[in-house]
Amino acid sequence: MLTLTFPDGAARQFPDGVSGLEIAKGISPSLAKRTVAMALDGVLADLADPILRDARIEFVSREDPRALILIRHDAAHVLAEAVQSLWPGTQVTIGPVIENGFYYDFARNQPFTPDDFPAIEKRMREIIARDAPFTKEIWSRDKTQSFFRDKGEMYKVELIDAIPAGEDVKIYRQGEWLDLCRGPHMTSTGKVGQAFRLLKVAGAYWRGDSNNPMLTRIYGTAFATQEDLDAYLKQLEEAERRDHRRLGREMNLFHFQEEGPGVVFWHAKGWTLFRELTSYMRRRLAADYDEVNAPQILDKALWETSGHWDWYRENMFVTQTEDERVFAIKPMNCPGHVQIFKHGLKSYRDLPLRMAEFGSVSRYEPSGALHGLMRVRAFTQDDAHVFCTEEQLADECLKINELILSTYADFGFDRIVVKLSTRPDKRVGSDEMWDHAEEVMGRVLEQIEAQSQGRIRTAINPGEGAFYGPKFEYVLRDAIGRDWQCGTTQVDFNLPERFGAFYIDASGQKRTPVMVHRAICGSMERFIGILTEHFAGHFPLWLAPLQIVVATITQDGDEYARAVAKAAARAGLRAELDLRNEKITYKVREHSLAKVPVLLVVGKKEAAEGTVSIRRLGSTEQRSMALSEAIALLRDEAEPPDLKRARGEAAEDEGGGLDSSHVEIDGHHVVAGTAG
RNA sequence: GCCGGCUUAGCUCAGCUGGUAGAGCACCUGAUUUGUAAUCAGGGGGUCGGGGGUUCGAAUCCCUCAGCCGGCACCA
């Protein structure tokens with residue numbers, strides 16, 4: 001006998017080997033009917049599995065959030081059956097559940113196209129309607145092996161090869177069709193339901209290795225309800241609407257063209273945004289960092305010393321001069337910074353020495369990797385290198401952590417995950433060095449989590465470290481729930497040694513400093529892409545490339561409009577005039593589409609009264625107020641967050657204190673997507 | 001780099017099985033002087049991504065190169 005504990009706390013005895021299904025039936029036929037799987041001590045299992053030990057048991061319905069992965073996994077099996085029945089001879093490989101759905105990889109000479117989707121979906125619906133039960137069979141490895149070999153399923157054979165000899169494997173059957181699978185599954189194909197959709201086809205390497213043949217992958221998604229599916233499809237549309245490439249064109253921020261694949265042509269508005277962001281970062285660094293600028297082109301020898309030549313030669317832009325010297329256009333700032341460190345004898349008193357650069361780097365990225373601003377071949381890193389002693393290392397990492405987190409908070413990113421990436425297979429440096437570095441960073445990671453009061457989550461990324469050392473990766477989540485890795489802190493015990501960098505310690509001995517590489521935005525270009533999508537182009541006033549348009553009703557208002565624009569400019573606001581002979585509705589529409597945050601409409605009435613009519617982007621409301629009042633409010637709102645904070649602190653020091661209630665006028669900036 | 005798709009006016013897109021290009025918006029000109037998301041009329045604009053081939057004839061079919069899009073692989 002064994003004891004099972006139910007969700008209500010009741011414990012009951014059952015014979016060994018009783019199945020979940022038997023228990024559910026015993027409780028009520030309706031429970032058995034609506035249950036698709038069970039969870040034993042929180043772990044999902046087939047409902048028909050015999051239970052062999054004491055456990056906490058839960059019956060999982062289709063609507064249970066935990067059933068979602070089962071629905072998707074079952075849908076993948078249904079997809080595979082549908083494809084094989086439509087195109088016999090297609091080999092099946094693997095079909096896992098992924099974050100927002102599932103995929104299945106097929107081997108077929110002729111790849112699928114989205115045109116095949118209607119036929120496949122139709123067949124899937126038939127299989128689901130047939131509602132065959134998922135039944136599990138345990139086969140011997142050898143039997144499975146020969147079964148799939150006879151069917152010509154060579155990829156499955158390879159999968160089985162990886163299973164230790166003598167071990168049994170699980171087969172899931174759904175009517176005629178069956179697949180090698182770990183499970184678990186729901187009780188029958190009918191439980192998949194109708195809320196699924198095939199989304200796209202793509203090539204994918206077998207086992208994720210580019211040396212292997214390429215398979216055809218079909219992506220799909222499935223949800224418990226049609227409403228959930230519709231909501232997801234709507235979110236995809238929303239992401240498309242926010243696409244920075246589209247907004248970049250519509251808002252006249254930047255462009256790309258054929259002659260420069262992967263390099264940005266920044267237009268005036270986009271460059272304003274870029275400069276505003278860079279200015280903000282410079283202010284954040286001013287107190288602790290020295291900003292430097294290392295050369296763009298350096299002799300190959302330097303890259304050989306750093307190790308980049310061995311690792312990344314094929315990804316570097318290289319140029320040879322008339323005298324046959326070979327130079328690389330810098331893909332990284334660190335070797336340059338080490339040269340600056342080495343110039344002149346350094347004392348332990350100089351440490352920690354924090355060297356920052358908004359370094360323009362160039363990398364010959366694979367053509368298929370290029371993607372708008374998100375992946376380019378020439379970009380600007382908000383890079384820095386901290387040269388410090390072993391003893392200072394942990395504190396420096398924590399200090400950087402604070403800088404990174406507070407920066408993200410200024411852009412409204414508050415859901416952050418910090419991941420520690422550990423030693424990769426291909427690396428430099430001794431195991432002792434890696435042991436030590438990972439130990440220090442593991443401690444720091446714990447501290448980061450502890451001092452965040454639960455706001456920051458942490459994780460480990462095994463094997464994902466840089467070739468010279470472990471790293472922290474900062475992943476932020478945007479307004480529509482997508483994750484972006486931006487910041488990074490990398491501990492490096494290698495480079496300083498390779499370059500022979502040293503400082504003189506307190507006892508007069510030469511010592512090699514530890515070097516910490518760190519970036520916050522990462523790539524300024526990419527960060528602007530992320531911000532564009534995060535804000536859906538509705539940048540907060542301080543970042544908006546064009547903050548104000550002063551628009552007239554008729555020509556009678558021209559003179560006053562000029563005075564308004566001048567007042568705005570005097571207040572440091574970026575304003576333009578729209579004096580065109582057009583209806584105000586036309587101007588409103590145009591500037592709204594261009595996502596101008598503030599529209600100041602001036603007509604006869606405003607000119608007479610010395611007021612402006614304010615219309616904020618995203619709102620149809622208008623508010624009239626005195627020009628001076630409007631300018632003061634806008635100037636306050638347009639003050640970058642760090643300066644506002646500094647002003648608050650200064651006021652506090654003087655004992656006065658600043659009214660912490662944020663000044664707002666109607667239609668104040670909100671992150672689209674989070675607003676009601 | 002790999003697989004698939006795409007490339008027609010500044011933008012978004014039509015153009016059937018080959019018979020030498022079209023719309024809306026934008027732009028220019030004129031009229032209109034307008035009160036919060038498109039005023040009306042007229043006009044200009046494309047060697048259909050580049051190169052090559054098939055054909056009497058190519059935006060359309062084939063080859064090739066480039067770029068872009070979706071993935072995969074890569075991302076110091």
Side-chain angles (χ1 to χ4, degrees), chain A residues 103 105 110-115 199-219 243 245-246 249-250 252 255-262 303 306-316 330-335 361 363-372 374-377 381 383 424 426 428 464-469 471 485 488 490 492 495 517 519 522-523 526 551-558 579-593 599-606 613-617 619-624:
Chain A
Y103 66 78
D105 284 347
Q110 165 124 31
F112 300 102
T113 79
D115 296 338
L199 295 173
K200 54 195 171 197
V201 290
Y205 297 109
W206 166 237
R207 298 193 141 175
D209 185 334
S210 56
N211 298 312
N212 288 340
M214 184 154 276
L215 309 169
T216 303
R217 175 172 297 179
I218 297 180
Y219 283 94
D243 191 310
R245 293 166 298 189
R246 175 185 180 148
R249 185 178 57 239
E250 288 173 0
N252 195 13
H255 86 268
F256 291 91
Q257 65 187 48
E258 273 200 42
E259 292 82 354
W303 305 105
S306 72
H308 290 102
W309 194 262
D310 284 345
W311 252 261
Y312 295 107
R313 163 70 190 84
E314 67 281 8
N315 294 312
M316 289 164 77
K330 72 173 174 181
M332 289 288 286
N333 302 301
C334 24
V361 296
R363 301 174 179 180
Y364 185 70
E365 302 285 7
S367 58
L370 303 180
H371 180 93
M374 302 304 191
R375 190 82 180 269
V376 290
R377 285 183 173 156
Q381 282 183 319
D383 202 3
K426 202 178 164 196
V428 297
E464 298 290 316
F467 71 82
Y468 48 71
K471 60 185 179 184
Q485 198 239 296
T488 177
Q490 308 176 359
D492 185 351
L495 260 199
H517 311 240
S523 148
R526 181 165 174 273
T552 49
I553 306 279
T554 70
Q555 274 177 318
D556 296 341
D558 285 7
L579 306 181
R580 290 174 304 173
N581 176 12
E582 294 289 351
K583 289 177 70 169
I584 192 63
T585 52
Y586 181 90
K587 297 184 183 181
V588 165
R589 175 180 154 82
E590 199 163 79
H591 300 303
S592 298
L593 288 173
L599 193 60
L600 299 182
V601 176
V602 295
K604 225 175 259 168
K605 180 165 155 276
E606 286 75 13
S613 169
I614 305 176
R615 180 181 170 128
R616 297 299 302 256
L617 180 61
S619 165
T620 54
E621 285 169 49
Q622 305 149 40
R623 193 161 149 198
S624 188

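For clarity, every value in this text was computed on a predicted model and none was experimentally measured. We name chains A, B, ... by the order of the sequence lines, and we start the count at 1 in each one.
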### Query
Given that both distances must come in under 3.5 Å, which nucleotide forms a Watson-Crick or G-U wobble pair with B:A66?
B:U7

### Watson-Crick or G-U wobble partner of B:U47, both distances under 3.5 Å
none

### Task
To the nearest Å, give me how far apart CZ (A:R217) and P (B:G70) are.
16 Å

### Message
Using whole Å, what does the distance between atom P of nucleotide B:C74 and atom CH2 of A:W311 come to?
### Response
16 Å

### Message
In whole Å, I'd like the distance from the CG atom of A:L600 to the C1' atom of B:G35.
### Response
15 Å

### Query
Can you check whether A:Y219 has a side-chain N or O nearer than 4.0 Å to OP1 or OP2 of B:C72?
yes

### Query
With respect to the phosphate group of B:A37, does any side-chain polar atom (N or O) of A:R615 fall under 4.0 Å of OP1 or OP2?
yes

### Message
Quick check on B:U39: is either OP1 or OP2 less than 4.0 Å from any side-chain nitrogen or oxygen of A:T585?
### Response
yes

### Query
Given B:U33, B:U36, B:A66, which nucleotide is nearest the side-chain atoms of A:T554?
B:U33

### Query
Going by modelled atom types, is there a donor-acceptor pair between the base of B:G71 and the side chain of A:Y205 at under 3.5 Å?
no

### Task
Using a strict cut-off of less than 4.0 Å between a Lys/Arg side-chain nitrogen and an Asp/Glu carboxylate oxygen, indicate whether A:D243 and A:R245 qualify as a salt bridge.
yes

### Query
Among the nucleotides B:A66, B:C74, B:C3, which one has an atom lying closest to any side-chain atom of A:P111?
B:C3

### Query
Given atom CZ of A:R377 and atom C1' of B:C68, what is their separation to the nearest angstrom?
13 Å

#### Entry: Of the listed nucleotides B:C75, B:C74, B:U36, the one nearest the side chain of A:P366
B:C74

### Message
Under 4.0 Å from OP1 or OP2 of B:C2: is there any side-chain N or O of A:S210 that close?
### Response
no

### Query
Do the non-hydrogen side-chain atoms of A:N333 and A:Q381 ever get within less than 4.5 Å of each other?
yes

### Query
For A:P114 and A:V201, which heavy atoms make the closest approach, and how far apart are they?
CD-CG2, 3.8 Å

### Task
Provide the distance between the two C1' atoms, one in B:G35 and one in B:U29, to the nearest whole Å.
27 Å

### Message
Using a 3.5 Å distance criterion without hydrogens, assess whether the side chain of A:R217 forms a donor-acceptor pair with backbone atoms of A:D105.
### Response
no

### Query
Taking only N and O in the side chain of A:H371, is any of them less than 4.0 Å away from OP1 or OP2 of B:G70?
yes

### Message
Using heavy-atom distances to pick each residue's nearest nucleotide on RNA chain B, tell me which of A:P261 and A:D243 is more 5'.
### Response
A:P261

### Message
Below the 4.0 Å mark, does B:U32 have OP1 or OP2 next to a side-chain nitrogen or oxygen of A:R580?
### Response
no

### Query
Do A:E606 and B:G35 share a donor-acceptor pair, side chain to base, under 3.5 Å?
yes

### Message
Between C1' on B:G35 and CZ on A:R623, what's the gap in Å once rounded to a whole number?
### Response
19 Å

### Message
With a 4.0 Å limit, can you tell me whether A:K330 has a side-chain N or O closer than that to the phosphate oxygens OP1/OP2 of B:A76?
### Response
no

### Message
Counting only Watson-Crick pairs (N1-N3 plus N6-O4 or O6-N4) and G-U wobbles (N1-O2, O6-N3), all under 3.5 Å, who is the partner of B:G18?
### Response
none

### Query
Taking the P atom of each, how far is B:U32 from B:C16, in whole Å?
45 Å

### Query
Looking only at side-chain N and O atoms, does A:K200 come under 4.0 Å of OP1 or OP2 in B:G70?
no

#### Entry: Residue-phosphate contact under 4.0 Å: A:R249 side-chain N/O, B:G10 OP1/OP2
no

### Query
What nucleotide among B:C74, B:A76, B:G35 has an atom nearest to a side-chain atom of A:S613?
B:G35

### B:C72 versus B:A37 - spacing of their P atoms, nearest Å
43 Å

### Query
Among B:A37, B:G70, B:G35, which nucleotide sits nearest the side chain of A:R589?
B:A37

### Query
Under the 5.5 Å and 30° test, is A:Y586 stacked on the base of B:A38?
no

### Query
Mind checking the C1' distance from B:U60 to B:U54? Whole angstroms is fine.
13 Å

